[in-house]
Amino acid sequence: MKTHTFERTNIKCAACEEKIQGAFAQEARIDSFKVDLQHADRPLTVQTVDDMTTEEVSKLIYTAGYEAKPAKKGLFKKLFNK
């Protein structure tokens, strides 16, 4: 399993979440996802099989009509996450 984290999305409600679910249901490599609708930035976490890239997940989100900003990782996060 691989975890893809998006720190900010424009997914605003349960109906939006259902649209994302519909897009993800068409991709067998996505295992699960969770959107925190209570948080102002609406962060999204997606669990996939190991060979799926964050870019591929982003394209599915965009195809469903939404935007998601991938979280910074590793050294980049340590240096620029202020």
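Given the structure is predicted, the values throughout are model-derived calculations rather than measurements.
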Rounded to the nearest 0.5 Å, what separation is found between the [atom1] atom of [X] and the [atom2] atom of [Y]?
X: Met52; Y: Leu60; atom1: CE; atom2: CG; result: 4.5 Å
X: Lys59; Y: Thr54; atom1: NZ; atom2: OG1; result: 12.5 Å
X: His4; Y: Thr48; atom1: NE2; atom2: OG1; result: 3.0 Å

message: Does anything in residues 27-57 form a ring pair (Phe, Tyr, Trp, His ring centres under 6.0 Å)? List the pairs, not counting sequence neighbours.
response: Phe24-Phe33
message: Using modelled atom types and a 3.5 Å cut-off, is there a donor and acceptor pairing between side-chain atoms of Thr9 and backbone atoms of Arg42?
response: yes
message: With side chain to side chain contact (heavy atoms under 4.5 Å, CB included) as the criterion, how do Leu44 and Ile61 come out once you've worked through the C-alpha distance, each side chain's angles and the decisive distance to 0.1 Å?
response: CA-CA 10 Å; Leu44 169 67; Ile61 295 166; 3.5 Å; yes
Give me the atom names and distance for the closest heavy-atom approach of [X] to [Y].
X: Glu17; Y: Ile11; answer: N-CG2, 3.9 Å
X: Ser58; Y: Phe6; answer: OG-CE2, 3.3 Å
X: Asn10; Y: Glu67; answer: OD1-N, 2.7 Å

message: Which residues pass the salt bridge (charged side-chain N to carboxylate O under 4.0 Å, His left out) test with Glu56, not counting sequence neighbours?
response: Arg29
statement: Contacts of Lys2 meeting salt bridge (charged side-chain N to carboxylate O under 4.0 Å, His left out) (sequence neighbours excluded), chain-then-number -> none
query: Any chain of hydrophobic side-chain contacts (each under 4.5 Å) joining Ile20 to Leu37?
result: yes
